[in-house]
Novice: 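There's a structure below that I have some questions on.
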Amino acid sequence: VGVWDPVRGGPPLLVLMNPGCVVTAVAFFACPRTGKCLLASGQSDRTLRVWDALKGGDYLQQDVLPDKIRAIAPSFDGVHLAVSLGMMYDPDRAAVGCWLSA
């Protein structure tokens with residue numbers, strides 16, 4: 001996952017690594033306890049990771065979910081992440097879950 005400055009352009013300000021996985025969804029949100037800028041990412045290996053979006057480094061939290069992650073949306077207060085799972089064209093494998101992020 002790369003983070004760029006949309007105004008200045010140039011090379012990525014931050015690169016968050018997870019070798020061997022394709023990133024399928026991302027979402028920025030503020031930590032409800034600290035106000036830090038966090039980035040949630042969903043990977044092809046079914047992991048949901050939460051990163052410090054300003055410092056980078058290792059992920060802060062990781063959860064393995066039951067299927068592919070298609071979309072991530074934080075709640076307005078940043079306490080929960082809504083995650084869309086499953087195959088887009090297979091209604092038997094589609095689901096939406098809610099995970100605690102803080």
Novice: Please name the pair of heavy atoms, one in Pro74 and one in Ala27, separated by the smallest distance, quoted to 0.1 Å.
Specialist: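 Heavy-atom minimum between the residues: CD-CB, 3.9 Å.
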
Novice: For Ser44 and Val22, indicate whether the former's side chain and the latter's backbone hold a donor-acceptor pair under 3.5 Å.
Specialist: yes

Novice: So, do Asp77 and Pro32 sit near enough that their side-chain heavy atoms are less than 4.5 Å apart?
Specialist: no

Novice: With the side chain counted from C-beta on, respond yes when Val50 and Leu39 share a heavy-atom pair under 4.5 Å apart, and no when they do not.
Specialist: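 No. Closest side-chain heavy atoms not under 4.5 Å.
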
Novice: Between Thr34 (side chain) and Lys36 (backbone), is there a donor-acceptor pair under 3.5 Å?
Specialist: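 Flag set: sc Thr34 to bb Lys36 pair under 3.5 Å.
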
Novice: Measuring from atom CD1 of Ile72 to atom OG of Ser41, what distance do you get when rounded to the nearest 0.5 angstrom?
Specialist: 6.5 Å

Novice: Measuring only between side-chain heavy atoms, which start at C-beta, is Leu65 closer than 4.5 Å to Thr47?
Specialist: no

Novice: Where do Leu48 and Ala40 come nearest, in terms of heavy atoms and distance?
Specialist: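 Scanning both residues, the minimum pair turns out to be CD1-CB, 4.5 Å.
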
Novice: Knowing that exactly one of Val64, Asp63, Thr24, Leu85 qualifies, which makes a side chain to side chain contact (heavy atoms under 4.5 Å, CB included) with Arg46?
Specialist: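 For Arg46, the side chain to side chain contact (heavy atoms under 4.5 Å, CB included) test succeeds with only one of Val64, Asp63, Thr24, Leu85, which is Val64.
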
Novice: Atom CG in Leu54, atom SG in Cys37: separation rounded to 0.5 Å?
Specialist: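 Answer for the CG-SG pair, Leu54 versus Cys37, is 5.0 Å.
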
